[in-house]
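Letters go in sequence order (proteins before strands), and every chain restarts at 1.
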Number of protein chains: 2
Amino acid sequence: MAKTKNENTEQQILEAAKKVFQLKGMDGARMQEIADEAGINKAMLHYYYRSKQLLFEAVFSHAFAMMAPQLNQILNDDSSIEEKIRHFTHDHLSFIMEHPYLPKFIIQELNRNPDFVTNMKTKTGFPSIEKFKIQVAAEVKQGILKPIAGEQLFINILALNIFPIIASPMIKAFIRADDEGYTQLLESRKTEVANFIINAIKA
Amino acid sequence: MAKTKNENTEQQILEAAKKVFQLKGMDGARMQEIADEAGINKAMLHYYYRSKQLLFEAVFSHAFAMMAPQLNQILNDDSSIEEKIRHFTHDHLSFIMEHPYLPKFIIQELNRNPDFVTNMKTKTGFPSIEKFKIQVAAEVKQGILKPIAGEQLFINILALNIFPIIASPMIKAFIRADDEGYTQLLESRKTEVANFIINAIKA
DNA sequence: GTTTGGTTTAACCAAATGGTTAACAAAGGT
DNA sequence: ACCTTTGTTAACCATTTGGTTAAACCAAAC
């Protein structure tokens, strides 16, 4: 059997599909463009992935799988809330600065088809917020933190980290920054966001 | 001239286009669907708006025009930073809770075509952050606020308000809330977000 | 060296898409 | 009454879209 090229091709298709889907979204992506990007015939896409929908789901799952472990870091780690916040904001912002299309893509496509999240929840490794909520409640009771619900704190952390990435074109316009200036602004946030949050919640 | 229906029709088209474009985005929207939604013939869309692109731009401008005044409230009002934050977070979150598709739509389409923001910047009424920056610097110097750059504070305010709306499907999944539970969570944020921010920055 | 079975290609297809056209209807102005 | 302008419709059009097919290709098994 001819196996020389095949493992390669399937991977090449996935890489090309990631590129195109994450840049243009499901609706804006064209199978022909993915084929061109992969340097192969359009029929090959269907040979390996049957349909646009299935190829898209492969890409989406892959993208989601890259984000999930990051979240588990803050949700299920054993350090204190303050330590978690300092580590997570820094690491996570560094990560999405290098993959800005990941959160854009996931959030956009989840808005397009909210039912999609149902599939995700069944998958193993889907982040659970339970432990984090208990920990926050405990530290509030101990007087370490000002009263706050774990959900709200979690949302705030994500918001402060992710929003500047997904809304970058709009924010760039507001603050009149070029790409370099904006990168520098984000660079500052790697430490400033943690200070901001901790000031907000520390008793 | 036949005017009986016309003023009506053009508006009906715009309303239908808003609905469809804001729900599905430029790429996902179909001219036929907009025509159906408006209860008219597809040719009428082109009669009044020439092309999909121009109809889309009409919708986008309209959407942006609804958001801009809200931002000018926090950027150019004359009250103190603390007062601004309390008023803005409450009013703005109330507003986007009633129009959740507005920020989703604007951010999604700005990511699809970042050059689009250039057109917006030239329009009158495009929010400027200058006054806000000066005010923040002044209050920091007076010792009212902890040191923070105006841009960063502005980003944080927007992030805490807007992110929970645009990422709602994802967050709903994380915190395992149904629609009602999520609405309640957002309802709390109308006052909690202001407290959070003010705790973070007040000296 | 021929068979074998996965791989790759070019040509093809039906459906959908944005857009156009030509005819028609309604309304005013003269 | 007649003509012009504006609004509306149904039929049509070229192109693009995701998807299919049948034949060619090619490395290995026999």
Side-chain angles (χ1 to χ4, degrees), chain A residues 1-63 105 108-109 112-113 115-116, chain B residues 1-63 105 108-109 112-113 115-116:
Chain A
M1 313 155 189
K3 276 184 186 168
T4 327
K5 292 179 172 181
N6 95 21
E7 305 128 17
N8 213 10
T9 308
E10 187 164 355
Q11 193 57 30
Q12 258 180 311
I13 292 177
L14 196 64
E15 289 304 318
K18 271 195 234 174
K19 212 172 189 174
V20 176
F21 273 130
Q22 289 178 12
L23 198 63
K24 311 217 166 172
M26 171 66 165
D27 292 331
R30 298 289 160 242
M31 294 297 269
Q32 186 59 59
E33 191 179 352
I34 295 173
D36 292 347
E37 180 72 36
I40 50 145
N41 194 287
K42 185 165 62 95
M44 296 295 284
L45 303 179
H46 293 91
Y47 179 74
Y48 282 103
Y49 291 92
R50 277 189 49 97
S51 69
K52 186 184 183 184
Q53 179 65 24
L54 287 175
L55 178 54
F56 170 79
E57 283 173 21
V59 171
F60 187 87
S61 293
H62 208 274
F105 174 67
Q108 182 188 140
E109 296 303 325
R112 196 180 57 90
N113 179 9
D115 297 333
F116 217 66
Chain B
M1 312 158 190
K3 275 185 186 166
T4 328
K5 293 179 172 182
N6 95 25
E7 305 129 17
N8 217 8
T9 308
E10 186 165 356
Q11 193 58 29
Q12 258 180 312
I13 292 177
L14 196 64
E15 289 304 317
K18 271 195 235 174
K19 212 172 189 173
V20 176
F21 273 129
Q22 289 178 13
L23 198 63
K24 312 217 167 173
M26 171 66 166
D27 291 332
R30 297 290 158 241
M31 294 297 268
Q32 186 60 58
E33 190 178 352
I34 296 173
D36 292 346
E37 180 73 35
I40 50 140
N41 192 288
K42 184 165 62 97
M44 296 298 283
L45 303 180
H46 293 92
Y47 180 74
Y48 282 103
Y49 291 92
R50 279 190 46 101
S51 69
K52 186 184 185 186
Q53 178 65 24
L54 286 175
L55 178 53
F56 169 80
E57 284 173 20
V59 171
F60 188 89
S61 293
H62 208 275
F105 174 67
Q108 181 188 138
E109 295 303 325
R112 195 180 57 90
N113 179 9
D115 298 331
F116 217 67

Would you mind writing out the side-chain donor-acceptor pairs for residues 55-63 of chain B within the sub-3.5 Å range, not counting sequence neighbours?
residue	atom	partner	partner atom	Å
B/Glu57	OE2	B/Gln53	NE2	2.7
B/Ser61	OG	B/Glu57	O	3.0
B/Ser61	OG	B/Lys123	NZ	3.2

Starting at [atom1] of [X], measure out to [atom2] of [Y] and round the result to the nearest 0.5 Å.
{"X": "B/Ile13", "Y": "B/Ile34", "atom1": "CD1", "atom2": "CD1", "result": "9.5 Å"}
{"X": "B/Tyr47", "Y": "B/Ile40", "atom1": "OH", "atom2": "CD1", "result": "12.0 Å"}
{"X": "A/Met26", "Y": "A/Phe105", "atom1": "CE", "atom2": "CZ", "result": "9.5 Å"}
{"X": "B/Thr9", "Y": "B/Tyr48", "atom1": "OG1", "atom2": "OH", "result": "4.5 Å"}

* Examine C/dT8: is either OP1 or OP2 under 4.0 Å from a nitrogen or oxygen in the side chain of A/Thr9? Give yes or no. => yes
* **Listed partners of A/Glu109 passing side chain to side chain donor-acceptor pair (under 3.5 Å), at least two apart** => A/Arg112
* Asked: Looking at DNA chain C, which of residues 49-62 of chain B put a heavy atom within less than 4.0 Å of it?
  -> B/Ser51, B/Lys52
* For DNA chain C, the residues among residues 15-35 of chain A that have a non-hydrogen atom under 4.0 Å from it -> none
* Asked: What salt bridge (charged side-chain N to carboxylate O under 4.0 Å, His left out) pairs are there with at least one residue in residues 38-55 of chain A, not counting sequence neighbours?
  -> none
* Structure fact -> In numerical order, the residues of residues 37-47 of chain A whose heavy atoms come under 4.0 Å of DNA chain D are A/Lys42, A/Ala43, A/His46
Donor-acceptor pairs under 3.5 angstrom involving side-chain atoms of residues 15-24 of chain A: please list them, not counting sequence neighbours.
residue	atom	partner	partner atom	Å
A/Glu15	OE2	A/Gln11	NE2	3.3
A/Glu15	OE2	A/Lys18	NZ	3.3
A/Lys19	NZ	A/Glu37	OE2	2.9
A/Lys24	NZ	A/Glu33	OE1	3.4
A/Lys24	NZ	A/Glu33	OE2	3.3

* To do: For A/Asp36, check side chain to side chain contact (heavy atoms under 4.5 Å, CB included) against everything at least two apart and list the hits.
  => A/Gln32
Between N or O atoms, less than 3.5 Å apart, protein on one side and nucleotides 23-25 of chain D on the other: list the pairs.
none

